[in-house]
Protein chains: 2
Amino acid sequence: MIARQIETALSRAQVICKRRGARLTPVRRRVLELILSSDQPTGAYALLGELQRGRGKLGPPTVYRALEFLLAHKLIHKVETSSAFIACADIEHPHESQFMICDDCGATEELRDEEIVESLRRLGERRGFAVERQVVEARGLCPACRSAQR
Amino acid sequence: MIARQIETALSRAQVICKRRGARLTPVRRRVLELILSSDQPTGAYALLGELQRGRGKLGPPTVYRALEFLLAHKLIHKVETSSAFIACADIEHPHESQFMICDDCGATEELRDEEIVESLRRLGERRGFAVERQVVEARGLCPACRSAQR
DNA sequence: AATTTGGTGTTACGCTATAACATGCCACGT
DNA sequence: ACGTGGCATGTTATAGCGTAACACCAAATT
C-alpha cells in the first residue's frame, strides 16, 4: 500500500475507534501502520523489530497487546497457518473472511464468500454448535509461482 | 475410542501402509495408537510425554517425525487452531475435512462437507490459485458448554 | 562385503505466545 | 486541585510449538 492510502486507512480506523469509545493509541496505531505497509502478512516478531527501531527495546507483550486490540476491533486479521497478521480489506463492515496463501512466496489474498460463511454456520447450528469464529484458509500455489514452476 | 476399535483401526492403518509400500513402524504405530485413544486432539508434547513413559527419554523430533508420516498418509489430521492432532475418521477414503472446536472444553468434531471443499477449490481456481490444502475450522461453543453457560 | 536408504536418537536452538508484576497516564468525581 | 480508579504500557521471565544438524543403526540393494 502506498503512503497516501495508509494515511486514509489510519484515519478511518481512528474514526471507527472513537465511535466505539476505543483508543487507537500511538503503539496500536503504529502497529496498524506497519501491517498496512506490508501487503503480505507480517509476524509478531517482525513487527516488534520495526517497533523497536523507533522506540528502543520493547518486549513481545507490547506487540501482542496491540495486535489483540486490533483483532478485537477487526482492523486486522490473523492468518492462522502463517502465524501472521494482515490488514483487513474493509474495516467499515466487520465480516468473516477467507484466505488464499501461496506456499511458495507467501502471497496472501483475502476473499469474502458469504456462501462458505453461511455453510459453516449452518453446519454448526445443525449440531448445536454456536460458531463464534471461522478460520478458512486455502494453501497452494499462486498464479505467479505456478507458472514459474514449469 | 475403546480398545477393540483401536486395534481394528491400527490393523487397517497397517494394511493401508503396506499397500502403499510405507512402513508403520513401532514408534509411528504407537503415536497413532495414542491419538486414537484420545477423542480430543492431542498436542505433540503430550504425545511425547506418553511415548517416554514406555521408552525413556526421547526428543521432540521423534514425535514430530512420526506425526509427519501419519499426516502424509492421512491417518491423522492437524487441527491448526489448537496445534494438535486428531485421528482421521475415515482413513480408507482420503479427504479434506472441517472441524468444529469448542473454545470452552476443546471438544472437536470432524465434519465432511463437499460443498465447502468445492467452493474453496472453485474460488481458488477463479483466481488462478492451485489449492493444495484446506484448513477450515469453526470455533465456538459445543452444545454441552452452551447449556452449562446459562 | 560394501553401499545405500530410511528410520530413529540426541543436542541444541529458533519462533510464537503469555503470565505476572511494575509503572505510568489520564479522566472523573468530589 | 486532589486523589483515585481504570486502562495502557514497560519489563522480566518462561511456557509451548517446531526444526536443523549430526550420529547411529538396521534392513535392503548391488
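Chain A is the first sequence line, chain B the second, and so forth, proteins listed ahead of strands; every chain is numbered from 1.
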Report summary line: Letter by letter from the 5' end, nucleotides 25-30 of chain D scores (B base, S sugar-phosphate only, - none; protein heavy atoms under 4.0 Å) ------
Requested in this report: Check step by step if side-chain contact (heavy atoms from CB on, under 4.5 Å) holds for B/Leu10 and B/Arg29.
Outcome: CA-CA 7 Å; B/Leu10 285 173; B/Arg29 189 185 165 96; 3.9 Å; yes
Query raised in the report: B/Leu47 CG to D/dG18 P: how many Å, rounded?
Result: 11 Å
Query raised in the report: Looking only at side chains, do A/Glu80 and B/Thr81 share a donor and an acceptor under 3.5 Å apart?
Result: no
**Report entry** Whole-Å distance separating the CZ atom of B/Arg30 from the P atom of C/dG9
**Finding:** 14 Å
Report summary line: Residues in residues 97-109 of chain B with a heavy atom under 4.0 Å of DNA chain D, by number, are none
Query raised in the report: Going through the checks in order, is the side-chain contact (heavy atoms from CB on, under 4.5 Å) test met by A/Met100 and B/Leu123?
Result: CA-CA 9 Å; A/Met100 292 273 154; B/Leu123 283 168; 4.1 Å; yes
Report summary line: With B for base contact, S for sugar-phosphate-only contact and - for none (protein heavy atoms under 4.0 Å), nucleotides 9-15 of chain D reads BBBB---
Query raised in the report: Would A/Arg112 and A/Asp90 pass as an ion pair if we require N to O under 4.0 Å?
Result: yes
Requested in this report: Ignoring hydrogens and angles, state whether a donor on the side chain of B/His77 or B/Glu96 is under 3.5 Å from an acceptor on the partner side chain.
Outcome: no
Query - Between C/dG7 (C1') and B/Leu67 (CG): distance, integer Å - result: 15 Å
Query - Whole angstrom value for the distance that separates P of C/dA17 from CD of B/Glu80 - result: 12 Å
Report task. For B/Glu68 and C/dT8, give me the distance from atom CD to atom C1', rounded to whole Å. Result -> 13 Å
Report task. Output every pair passing salt bridge (Lys or Arg N to Asp or Glu O under 4.0 Å) with a member in residues 52-67 of chain A, not counting sequence neighbours, ordered by first then second residue. Result -> A/Glu50-A/Arg53
Report summary line: B/Gln52 atom CD is separated from C/dG9 atom P, nearest whole Å, by 11 Å
Query raised in the report: Quick one: is C/dT16 close enough that its OP1 or OP2 comes under 4.0 Å of any side-chain N or O from A/Lys78?
Result: no
Report task. Take atom CG of A/Leu48 and atom C1' of C/dT18, then tell me their distance rounded to the nearest Å. Result -> 14 Å
Query raised in the report: If you look only at pairs with a residue in residues 3-24 of chain A, which of them pass as a side-chain hydrogen bond (donor to acceptor under 3.5 Å, both in side chains), with sequence neighbours excluded?
Result: A/Arg20-A/His73
**Report entry** Distance, nearest 0.5 Å, that separates CZ of A/Arg146 from SG of A/Cys102
**Finding:** 10.5 Å
**Report entry** Atom-to-atom span, OH of B/Tyr64 to P of C/dT10 - whole angstrom
**Finding:** 18 Å
Requested in this report: Keeping the roles fixed (side chain from B/Glu110, backbone from B/Ala89), state whether a donor-acceptor pair exists under 3.5 Å.
Outcome: yes
Query raised in the report: Are the charged groups of B/Glu125 and B/Arg122 less than 4.0 angstrom apart, N to O?
Result: no
Requested in this report: Name all residues meeting the ring-ring contact (aromatic ring centres under 6.0 Å, His included) criterion together with B/Tyr64; count only those two or more places apart in sequence or in a different chain, and write none if there are none.
Outcome: none
